[in-house]
Amino acid sequence: MAGQATVTDVHPLHDDELHALDAYWRAANYLSVGQLYLLDNPLLREPLRGEHLKPRLLGHWGTTPGLNFVYAHLNRMIRRRDRNVMYVIGPGHGGPGLLANSWLEGTYSEAYPAVGQDEEGMRRLFREFSFPGGMPSHVAAETPGSIHEGGELGYSLAHAYGAVLDNPDLLVACVIGDGEAETGPLATSWHINKFLNPATDGAVLPILHLNGYKIDNPAVLARIPREELDALLRGCGYVPYYVDGDEPATMHREMAATIDRIMGEIDVIQHSAREGELTGRPQWPVLVLRTPKGWTGPIEVDGMPIEDTWRSHQIPLAEVRENAGHREQLESWLRSYRPAELFDERGAPRPELVAQVPAGGRRMGANPHANGGLLLKPLRLPDFREYASEVTKPGSTMSEPTRVLGRWLRDVMRANDDHRNFRLFGPDETASNRLDAVYDGTAKQWLGELRGTDENLARDGRVIEMLSEHVCQGLLEGYLLTGRHGLLSCYEAFIHIVDSMFNQHAKWLKTSKGLDWRRPVASLNYLLTSHVWRQDHNGFSHQDPGFIDHVMNKKAEIIRVYLPPDTNTLLSVADHCLRSRDYVNVVVAGKNRTPEWLDADEAVLHCARGAGIWEWASSDAGREPDVVMACAGDAPTLEVLAATSILRERLPELAVRVVNIVDLMRLQPASEHPHGMTDAEFDALFTTDRPVLLAYHGYPWLIHRLTYRRRNHRNIHVRGYKEEGTTTTPFDMVVRNDMDRFRLVIDVLDRVPQLGVPAARLRQDMVDTRTRHDAWTRAHGDDLPEVRDWVWQS
Ligand SMILES: Cc1ncc(C[n+]2csc(CCOP(=O)(O)OP(=O)(O)O)c2C)c(N)n1
Ligand SMILES: [Mg+2]
């Protein structure tokens with residue numbers, strides 16, 4: 001424990017400093033209200049008229065004055081202490097506030113040179129906010145200094161902590177809405193302090209913004225007694241500091257003094273940890289800021305209370321164009337900030353305000369960590385071929401793909417140790433997913449109590465495991481957006497927990513790609529293992545391959561889905577993913593012993609093709625195939641190959657082409673996805689008129705969604721997971737979902753013309769074997785020996 005440091009570094013605000021600080025805050029508030037309402041007349045040089053006002057009023061006021069208040073005080077602290085600070089705000093609907101501050105400090109004009117710091121620039125700032133073709137209403141990728149959209153509430157604290165990992169110099173001030181604090185992800189994110197190393201990581205200052213309300217309700221944490229709130233925060237391992245009130249001068253004094261105290265506390269923690277004097281887990285400060293929602297805005301409108309109620313959440317005065325009373329009220333609200341004192345004749349912020357702004361890269365809107373691509377160093381990647389399995393004959397050897405990958409990841413960590421820019425995140429599954437070789441090179445970072453029986457836990461480590469997929473995802477996003485690299489490994493079924501976070505990240509990447517001032521960041525890599533086909537221990541609850549369907553909704557230029565069929569292809573795919581930028585890569589791979597099909601060189605070639613014919617498994621050489629047997633995923637690949645070998649033995653004349661798909665996006669038309677095959681390529685591979693049987697890892701309908709425009713689509717017959725799951729044998733899983741080798745053979749017999757009658761005996765054998773399988777598994781609890789011990793014979 002750091003204990004309560006004796007902090008003497010508290011500088012009371014002098015009156016002139018208070019005046020300047022308040023002027024800055026008024027300016028930010030004025031500029032925020034201007035964005036919500038004004039099309040023109042930005043400096044109120046003339047009385048407000050209807051045509052000065054936006055026809056559609058879109059945005060949020062209630063949270064904004066509080067965010068501006070914090071911004072002003074952080075600026076003061078940065079100037080005094082020369083600190084490297086990034087600002088993350090959970091209630092991202094306070095977008096006008098961040099844009100206002102960005103304009104005041106000049107970072108808005110640097111990102112968008114057409115919007116200068118003058119009257120015309122102010123007019124454009126106002127006009128473009130929440131306007132067609134302009135800036136979004138929320139904090140977004142467009143907002144200078146931001147890594148956090150905040151449109152979907154709950155992820156601010158995880159992003160903030162992710163940003164400071166391995167950034168010992170960085171402080172992230174993170175505003176948490178009192179409504180946001182009710183969300184699951186935020187509620188659990190408090191505990192990330194048990195993973196933060198004060199010596200090697202930076203600091204997060206959580207600022208719980210108790211403005212009392214959400215959209216339409218009081219906020220829970222604002223309506224519990226102070227003692228309960230205090231106990232909650234202390235119970236989460238923090239020391240709360242309170243700033244509470246609504247009288248600006250008093251609030252400025254209290255806020256300045258409290259931030260001074262808090263920074264002193266953070267300095268003590270960091271200094272003692274870095275000197276080796278702090279060996280336990282520190283109690284980090286948290287600031288609880290209680291201000292009225294809609295502070296400084298209209299107190300009442302049409303007889304209804306607005307300030308300090310939920311009614312201030314969006315647009316307090318809704319009819320300013322048509323209702324003269326509302327318009328007058330708006331004008332006096334805007335004039336209450338005394339704009340003539342704040343902006344000079346040209347419309348630029350007066351020197352008194354400019355003096356409040358930190359210098360250059362210390363401005364929060366210019367913090368390079370918030371444009372992480374600027375700081376991104378490529379990873380040094382050991383040659384994955386050296387970790388590859390030797391495969392002399394397809395299917396003759398077996399390995400556990402993720403276990404081999406773990407060895408390579410261990411050495412990725414070692415190779416980049418001095419840069420400290422690669423991390424692995426997982427919800428308690430790194431070992432279960434068989435990536436535990438990484439612990440030969442690093443540990444799991446853990447600042448909680450240690451016991452003698454613990455393994456692989458240390459204050460410093462490249463792996464973070466917390467049983468919250470939200471936290472793992474949030475940390476990784478924060479880490480990536482500040483210019484580092486990483487991987488999240490997760491059980492396939494449970495990655496759905498972060499569907500929505502994935503959405504937000506994909507949106508962020510899409511928008512960032514369109515901004516010339518944002519630099520590319522490392523891709524977000526998911527390794528989904530312990531997948532649907534091999535949940536032997538766990539059964540139905542753990543069987544869901546639908547994340548792929550979900551990610552497919554996002555922009556093609558962002559999304560990549562890989563289904564490596566064996567160990568060497570997994571290595572090649574992983575190497576590719578860690579080199580890529582600005583994507584979300586979803587890699588689904590097994591952890592169980594699986595036959596190895598390709599050697600390292602073949603794996604590289606196959607992954608480069610994304611989908612290709614496996615000549616060694618096909619019997620159509622020099623002929624038109626009678627049937628194409630395609631597979632995507634490790635379990636489907638095994639079944640297709642086993643089906644092929646039955647066909648080869650029983651129907652030697654049949655020309656079978658085996659196609660394996662490792663990059664699912666290859667199936668889409670080239671016009672839809674950068675990896676998509678042209679029609680000519682697709683037709684050559686899958687023919688234009690032959691039956692295609694495609695065994696797919698996930699829900700079958702996705703394949704139809706991807707291929708519906710292809711010429712041969714009506715002949716494509718897909719087998720996949722049909723939501724038939726349970727705790728059973730690996731082969732029974734494929735049987736239950738009609739993707740087993742015997743069913744695939746029947747499918748061929750049913751679809752290849754003229755085969756039906758001559759192959760009646762084979763068909764019957766296949767049906768009988770499935771019946772035998774049923775009886776055998778239920779009698780013995782294991783697969784038929786001929787299935788369990790089957791190996792590919794070339
Ligand atoms: C996950 C999520 N659920 C619901 C919403 C809709 N929403 C937008 S703002 C808001 C209230 C937020 O309240 P709070 O966090 O207290 O922010 P503030 O009072 O500062 O506006 C809600 C429910 C959302 N943006 N995200
Ligand atoms: Mg609130």
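These numbers come from the heavy atoms of this one structure, side chains and all, not from hydrogens, waters or symmetry mates. Atoms within each ligand, like the ligands themselves, are counted from 1 in listed order. Everything numeric in this text was worked out from a predicted model, so none of it was measured.
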Step through the shown structure and confirm whether more than 12 heavy atoms of other residues, nucleotides or ligands are within 6.0 Å of CD1 on Ile299.
-> no
Step by step, work out the ring pair (Phe, Tyr, Trp, His ring centres under 6.0 Å) result for Phe343 and Tyr30.
-> CA-CA 11 Å; Phe343 307 105; Tyr30 179 84; 5.8 Å; yes
Looking only at non-hydrogen atoms, the one of Ile89, Asn217, Ile215 nearest atom 10 (C) of ligand 1 is Ile215
Ignoring hydrogens, just give me the one of Thr183, Asn211, Asp178 whose non-hydrogen atom is nearest atom 16 (O) of ligand 1.
-> Asp178
Is Pro285 close to Ile266 at the side-chain level, that is, under 4.5 Å between some pair of heavy atoms?
-> yes
Pairwise distance CG(Asp544) to CD1(Ile495) - rounded to 0.5 angstrom = 12.0 Å
Does atom 14 (P) of ligand 1 have any protein heavy atom closer than 4.0 Å?
-> yes
Taking only heavy atoms of Glu152, which atoms of ligand 1 are found under 4.0 Å from at least one of them?
-> 1 (C), 26 (N)
The one among His138, Lys293, His209 that brings a heavy atom closest to atom 19 (O) of ligand 1 | Lys293
Subset of ligand 1 atoms that lie under 4.0 Å from at least one heavy atom of Glu180 = 14 (P), 15 (O)
Could you check whether the rings of His252 and His73 sit parallel, tilted or perpendicular, using 30° and 60° as the cut-offs?
-> parallel
Heavy-atom nearest neighbour in the protein, as seen from atom 20 (O) of ligand 1, with distance rounded to 0.1 Å | Thr63 OG1, 2.7 Å
In terms of atom number and element, which parts of ligand 1 are under 4.0 angstrom from non-hydrogen atoms of Gly179?
-> 13 (O), 14 (P), 15 (O), 16 (O)
Note: His93, heavy atoms under 4.0 Å from ligand 1, region reported as side chain
Aromatic ring proximity Tyr526/Phe547, centre distance under 6.0 Å = yes
Atom 4 (C) of ligand 1 within contact range, any protein heavy atom under 4.0 Å = no
Is it the case that Arg261 places NZ or CZ above or below the six-membered ring of Tyr241, under 6.0 angstrom from the centre and within 45 degrees of the axis?
-> no
What is the ring orientation for Trp25 with Trp295, classed by angle as parallel under 30°, tilted 30 to 60°, or perpendicular over 60°?
-> tilted
Ligand 1 atoms nearer than 4.0 angstrom to some heavy atom of Gly151 are 24 (C), 25 (N), 26 (N)
Is the closest side-chain donor-acceptor distance between Asn101 and Tyr24 under 3.5 Å?
-> yes
Over 12 foreign heavy atoms within 6.0 Å of NZ, Lys510 = no
Identify the closest protein heavy atom to atom 2 (C) of ligand 1: which residue and atom is it, and at what distance?
-> Leu153 N, 3.7 Å
Would you please classify the geometry between the His496 ring and the His550 ring as parallel, tilted or perpendicular, with 30° and 60° separating the classes?
-> perpendicular
With rounding to the nearest 0.5 Å, note down the distance linking OG in Ser189 to CE in Met466.
-> 6.5 Å
Ligand 1 contact on Pro91 by region, counting heavy-atom pairs under 4.0 Å = side chain
Under 2.8 Å from the Mg ion (ligand 2), which protein atoms of type N, O or S occur, listed by chain and number?
-> Asp178 OD1, Asn211 OD1, Tyr213 O
